Protein chains: 2
Amino acid sequence: MHTCTDAFDCFVSRVLPKRTGPETVRLFRTLGSHVHLKADRQLHYPEDEPTLVFLCDGATKLVAHASDHREQVLAFHFTGDLLTLPAHGAHSYTLEALIECDLMTFPYAQFLQAAEKHQQVLTQLLERSTVSLQRSREKTLTLGRKSALERVSSFLLSMAERIGRGDGSEVKLDLPMSRRDIADSLGLTIETVSRQFTLLRDQGLIRTQGRSGVTLLRVDELDRRAGHLRVAA
Amino acid sequence: MHTCTDAFDCFVSRVLPKRTGPETVRLFRTLGSHVHLKADRQLHYPEDEPTLVFLCDGATKLVAHASDHREQVLAFHFTGDLLTLPAHGAHSYTLEALIECDLMTFPYAQFLQAAEKHQQVLTQLLERSTVSLQRSREKTLTLGRKSALERVSSFLLSMAERIGRGDGSEVKLDLPMSRRDIADSLGLTIETVSRQFTLLRDQGLIRTQGRSGVTLLRVDELDRRAGHLRVAA
DNA sequence: GTATCTCATTGATCCAGATCAAGGAGCGCC
DNA sequence: GGCGCTCCTTGATCTGGATCAATGAGATAC
């Protein structure tokens with residue numbers, strides 16, 4: 001198991017600029033808390049104030065809850081990701097570990113205050129926030145206008161980009177999330193997700209190994225299935 | 001018609017910190033361009049680099065385009081909003097005027113560089129980006145897990161919050177977007193959107209005046225229809 | 001190694017919303 | 001001020017994915 005110091009060091013090297021003074025590092029250390037989460041456990045965080053989370057190691061999902069126990073996965077996160085947990089509004093949000101996780105949490109407001117003198121940290125925060133927004137917008141298009149097959153294809157391509165291991169022309173994936181998580185992320189049911197996997201397998205575009213292993217055999221064809229725009233203007 | 005100076009002044013007073021030095025103001029002026037857009041026109045911007053836009057006056061929609069001419073409205077913007085137009089990736093994006101608009105555009109990278117010495121500007125950019133992300137996440141939940149009636153109710157409540165004019169217990173709206181835009185924003189068809197309006201009207205929750213006028217008569221009931229979580233934990 | 005339990009797959013039926021098809025109403029233009 | 005056009009509404013039918021219902025296959029515990 002990681003110690004608190006390891007997790008914090010990981011944060012320092014990944015988020016803070018190279019030559020940050022030791023007194024600044026100490027300041028961030030006083031603000032942050034190290035949390036270890038076993039698979040399927042959720043992070044407890046204050047409902048009324050935003051929290052900044054750095055995922056040192058592992059994989060998580062951000063889930064929004066509506067009435068009637070409906071759940072929507074808003075985003076998946078992997079080692080090295082930085083994310084902001086919003087205060088609860090019209091809906092409530094939870095961050096749940098897909099596999100064993102180490103993370104550092106910071107009260108958002110205090111973190112921002114500490115970062116004010118270091119615009120490199122601010123810039124990085126802004127940059128990562130922009131990436132999150134960009135991903136969220138792609139998801140909006142996917143959920144609003146795409147068929148089940150297109151959604152699953154888009155999902156696989158997106159995962160390939162983030163956690164794929166290239167192997168010649170193939171891309172190998174080890175999906176840390178269940179079919180249910182995928183369904184909740186794509187606005188589908190597990191049955192429909194499963195059927196699309198079968199379809200893609202039958203068409204020779206992917207190969208599956210066990211529950212979590214997926215190999216993308218023809219990325220170009222998947223791109224077509226995902227409903228992405230061709231080169232044209 | 002507004003002059004360039006008017007639009008820029010609007011930007012200065014709304015985005016830059018109160019006591020920004022005149023030389024800094026001049027720097028931003030050299031970076032920014034004033035653009036006037038008539039209704040239904042779209043902003044032309046470079047495809048390969050992100051652009052920052054400040055909406056001095058008017059209303060716009062950000063549209064994502066997938067294959068087969070399918071369109072998804074990612075967000076609506078109103079007077080005073082600041083938004084980032086991403087470089088094109090798997091999909092292309094356009095910003096279109098819903099009504100006559102005045103806006104200031106800045107090359108994102110250069111704007112960020114200019115803002116580096118003024119963390120108040122950075123902080124504001126970050127804050128607005130966070131609000132956009134929050135809205136986008138709410139939209140994700142809406143598109144992924146809500147029924148047509150819930151989507152339209154959520155939409156009306158969201159518009160009430162942003163451009164509603166309170167009038168006792170009622171909220172009056174003058175919607176600048178068409179039924180098609182609403183449909184493209186909610187992942188529905190115009191027919192379905194229209195049917196939900198009729199339903200809400202028949203149930204006495206809203207009143208409509210012409211094409212764009214809507215009065216929310218019972219916000220509490222709309223909240224229930226929108227599938228928001230009750231107080232409970 | 002095998003018992004068991006959860007997760008994934010496959011099949012049958014159903015339904016919310018899409019699609020197809022007319023009207024009707026608001027708004028701009030001449 | 002009325003002509004015409006576009007946008008909106010309403011109705012009928014169709015369908016992709018949800019729901020319901022069994023199996024089947026991986027993982028975990030013993």
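All of these numbers come straight from a predicted model, not from anything done at the bench. Just so it is clear: chains get the letters A, B, ... in the order the sequence lines come, proteins before strands, and each one is counted from 1. Values below: every heavy atom of this structure, side chains too, minus hydrogens, waters and symmetry copies.
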For [X], side chain to side chain donor-acceptor pair (under 3.5 Å) partners two or more places apart:
X	value
B:T84	none
A:Q42	none
B:R211	none

side-chain contact (heavy atoms from CB on, under 4.5 Å) partners of [X], counting only residues at least two apart:
X	result
A:E138	A:Q134, B:A90, B:H91, B:Y93
A:P107	A:E49, A:Q110
A:T105	A:S33, A:V35, A:L43, A:T51, A:V53, A:L103
A:V219	A:L157, A:V171, A:L216, A:D223

| Between A:R195 and A:E191, is there a side-chain N and carboxylate O pair less than 4.0 Å apart? |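 A:E191 and A:R195: not salt-bridged.
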| query | If you measure from the Lys or Arg side-chain nitrogens to the Asp or Glu carboxylate oxygens, is any gap between B:D81 and B:R128 under 4.0 Å? | reply | no
| remark: Terminal axes of the helix from C:dG1-D:dC30 to C:dC30-D:dG1 (5 end pairs apiece), angle rounded to 10 degrees, sit apart by 50°
| said: Test your reading of the model: is there a side-chain donor-acceptor pair from A:K139 to the backbone of A:S185, 3.5 Å cut-off? | reply: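 Yes; at least one donor-acceptor contact below 3.5 Å.
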Can you pull every protein N or O that's under 3.5 Å from an N or O on nucleotides 24-30 of chain C?
from: C:dG26; atom 1: N3; to: B:R211; atom 2: NH2; distance (Å): 3.2

| said: Just the rounded figure in Å: distance from P of C:dA18 to CG of B:D68. | reply: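 In whole Å, C:dA18 P lies 17 Å from B:D68 CG.
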| request: Using heavy atoms and a sub-4.0 Å distance, could you list which residues of residues 187-206 of chain B are near DNA chain D? By number, please. | output: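 Contacts with DNA chain D under 4.0 Å: B:E191, B:S194, B:R195, B:T198.
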| request: Go through DNA chain D in 5' to 3' direction and return only the first and the last nucleotide with some atom under 4.0 Å of chain B's heavy atoms. | output: D:dT6 to D:dA12
| query | What pairs with A:R135 under salt bridge (Lys or Arg N to Asp or Glu O under 4.0 Å), at least two apart in sequence or on another chain? | reply |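 For A:R135 there are no salt bridge (Lys or Arg N to Asp or Glu O under 4.0 Å) partners, ignoring immediate neighbours.
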